[in-house]
J.: 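If you scroll down you'll find the structure; I have some questions about it.
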Amino acid sequence: MAGGGDELKLLGMWASPFVMRVKLALSFKGLSFEDVEEDLFGGKSELLLKSNPVHKKVPVLLHNGKPVCESQIIVQYIDEAFAGTGPSLLPTDPYERAIARFWGAYIDDKLLASFLQATVRGKTEEEKAEGLKQALIAVENMEGAFKEISKGRPFFGGDTVGYLDVTLGAMVAWVHAAEKLYGFRLFDATRSPLLSAWLERFGALNVAKAGLADVEKMVDFVKKRQAQAAAAAASANN
C-alpha cells in the first residue's frame, strides 16, 4: 500500500530497465507497492493484456486499479499524483521541466535504444557495432547535458536526485552487467568522467539500490537467454 488509501501495483519484469525506472521513482518517493512479476517469455497475464491492450508491455502501474503505461509517463504520474509525498522529481520551473523531459526522451530514443542494440538486441556483429557507435555519441551528448544541468552539483537534480537521475538511473545495473558480459563500460572515466562519477554516486545510494536489479543475477539471466537463443537457432538449422 502506498499509504492514505492508495493502492499501487506494478506489473513488470525484474530485468527490464524500464521497470527498474519505475521502481526507482517509487523508492525515491518512499512509496510502497505490490510487485507483480510478469513472465514475458512464457505468456503474459490477463491482467497485463487488459491493463495495456495497445502495447501489451511492461511496466504498467495500477493506482487504485487504474492503469498508467510507459515508464517515463509513469514516473511523471507518480511525481504529480504523490506531490505531497517524498521529494519532487521534476523541476518546479516550467522551462527546467521542459528541459528534463527533452533529455528524458533523448535517453530512451538515442542512448538506451542504441545501448540495447549493442548488447542484447543486435542480431549481427555489424548491428552491435553500429549500436555501440551510436551509444557513445549519445553518451557524449549526455555528458554535456549533465555539465549544463547539474552546474557542478552531484546530480541532474542538483544536490538531490531528480527526474533525469531516475530516468538514466534505469541503466545503471545494465551498464555494470554489460561491462562483465561484453567488456566495455558505457560511461568511461576517460571519455565521460562526469557520467562515470555520477554512475558510481547514484548506484551507491541505498534508495537507488532498492530499485535496481542485482548485477550478477542479470549477467546470469543474459547468458541463459543467449544460450537458449543459440540452441533454438541451431535446432532450426538442423
Side-chain angles (χ1 to χ4, degrees), residues 2 6-29 31 33-82 89-90 97-98 100-123 127-128 130-131 134-135 138 142 163-175 177-178 211-213 217-218 221-222 224-226 228-229 232:
D6 291 291
E7 181 181 34
L8 294 175
K9 182 180 294 186
L10 177 62
L11 310 184
M13 187 271 175
W14 67 272
S16 165
F18 305 102
V19 173
M20 278 187 260
R21 176 178 293 155
V22 177
K23 288 183 177 179
L24 285 170
L26 291 166
S27 181
F28 278 102
K29 293 290 283 186
L31 298 168
F33 64 98
E34 181 183 350
D35 191 4
V36 181
E37 184 72 10
E38 289 284 338
D39 182 5
L40 302 184
F41 304 104
K44 300 174 182 179
S45 72
E46 288 298 321
L47 181 57
L48 174 60
L49 298 178
K50 178 182 177 181
S51 300
N52 190 358
V54 176
H55 299 301
K56 303 178 176 63
K57 294 180 179 179
V58 296
V60 175
L61 181 72
L62 297 173
H63 183 195
N64 294 332
K66 296 180 180 179
V68 185
C69 306
E70 302 295 323
S71 64
Q72 291 204 40
I73 293 174
I74 295 173
V75 172
Q76 294 176 35
Y77 175 82
I78 290 170
D79 200 38
E80 294 172 357
F82 297 93
L89 298 176
L90 281 159
R97 288 168 77 91
R101 288 184 170 121
F102 171 85
W103 284 110
Y106 184 87
I107 288 169
D108 278 3
D109 296 343
K110 300 298 182 181
L111 178 56
L112 183 51
S114 55
F115 172 75
L116 291 175
Q117 180 179 325
T119 53
V120 295
R121 291 182 179 172
K123 292 181 171 38
E127 287 183 359
K128 290 182 179 181
E130 180 61 24
Q134 295 303 320
M142 286 304 305
Y163 177 73
L164 286 177
D165 297 288
V166 168
T167 303
L168 187 59
M171 295 183 63
V172 168
W174 270 103
V175 168
L212 295 172
K217 183 181 177 182
M218 290 181 62
F221 170 76
V222 173
K224 181 179 179 181
R225 292 295 304 168
Q226 289 176 334
Q228 291 172 339

J.: Which heavy atom in Val19 sits nearest to a heavy atom in Gly12, and how many Å separate them?
T.: CG2-CA, 3.7 Å
J.: Please give me the minimum heavy-atom distance between Ser51 and Cys69, naming the atom from each residue.
T.: O-SG, 3.8 Å
J.: Closest approach of Met20 and Gly211, non-hydrogen atoms and distance?
T.: CG-O, 3.6 Å
J.: Is the shortest heavy-atom distance from the side chain of Asp6 to the side chain of Phe82 under 4.5 Å?
T.: yes
J.: Can you tell whether the side chains of Arg97 and Asp79 come within less than 4.0 Å, N to carboxylate O?
T.: no
J.: Would you say the side chain of Val22 lies within less than 4.5 Å of the side chain of Phe33, judging by non-hydrogen atoms?
T.: no
J.: So do Val36 and Leu48 actually touch side chain to side chain, heavy atoms under 4.5 Å?
T.: no
J.: Out of Ser16, Ser45, Pro59, which residue meets the side-chain contact (heavy atoms from CB on, under 4.5 Å) rule with Glu38?
T.: Ser45
J.: Got Ile107 and Leu164 here, is their nearest side-chain heavy-atom distance under 4.5 Å?
T.: yes
J.: Between Met13 and Glu37, does a side chain to side chain contact (heavy atoms under 4.5 Å, CB included) hold up when you go through it step by step?
T.: CA-CA 5 Å; Met13 187 271 175; Glu37 184 72 10; 3.8 Å; yes
J.: CD/Gln226 to CZ/Phe221 distance, rounded to the nearest 0.5 angstrom?
T.: 10.5 Å
J.: If you look at every heavy atom in Val60 and Pro67, which pair is closest and at what distance?
T.: CG1-CB, 3.9 Å
J.: How far does CG of Leu168 sit from CG of Asp108, to the nearest 0.5 angstrom?
T.: 10.0 Å
J.: Look at the side chain of Gln117 and the backbone N and O of Glu127, then say whether any donor-acceptor pair between them is shorter than 3.5 Å.
T.: yes
J.: Working to the nearest 0.5 Å, report the span between CG of Asn52 and CD of Glu70.
T.: 6.5 Å
J.: Would you check if Thr167 and Val75 make a side-chain contact, meaning some heavy-atom pair closer than 4.5 Å?
T.: no
J.: Would Phe41 and Arg225 count as a side chain to side chain contact (heavy atoms under 4.5 Å, CB included) here? Give the steps.
T.: CA-CA 10 Å; Phe41 304 104; Arg225 292 295 304 168; 3.1 Å; yes
J.: Is any side-chain heavy atom of Val222 less than 4.5 Å from a side-chain heavy atom of Thr119?
T.: no
J.: Work out which heavy atom in Lys23 is nearest to a heavy atom in Trp14; give both atom names and the distance.
T.: NZ-CA, 4.4 Å
J.: Please work out whether the ring planes of Trp103 and Tyr106 are parallel, tilted or perpendicular, with thresholds of 30° and 60°.
T.: perpendicular
J.: What's the separation between atom CG in Leu116 and atom CZ in Arg121, rounded to the nearest 0.5 Å?
T.: 4.5 Å
J.: Please determine whether the number of non-hydrogen atoms from other residues, nucleotides or ligands lying under 6.0 Å from atom NZ of Lys44 exceeds 12.
T.: yes
J.: Which pair of non-hydrogen atoms, one from Ala25 and one from Leu89, has the smallest distance, and what is that distance?
T.: CB-CD1, 4.1 Å
J.: Side chains of Met142 and Lys110: does their closest heavy-atom pair fall under 4.5 Å?
T.: no
J.: Nearest 0.5 Å please: distance from the CG atom of Leu62 over to the CG atom of Leu47.
T.: 5.5 Å
J.: Measure the shortest side-chain to side-chain distance between Ile74 and Arg21 over non-hydrogen atoms and say whether it is less than 4.5 angstrom.
T.: no
J.: Given 3.5 Å as the limit, does a donor-acceptor pair link the side chain of Lys29 with the main chain of Ile78, or not?
T.: no
J.: Just to verify, which of Tyr163, Phe18, Tyr77 counts as forming a side-chain contact (heavy atoms from CB on, under 4.5 Å) with Gln72?
T.: Tyr163
J.: Atom CG of Leu11 and atom CD of Glu34: how far apart are they, to the nearest 0.5 Å?
T.: 9.0 Å
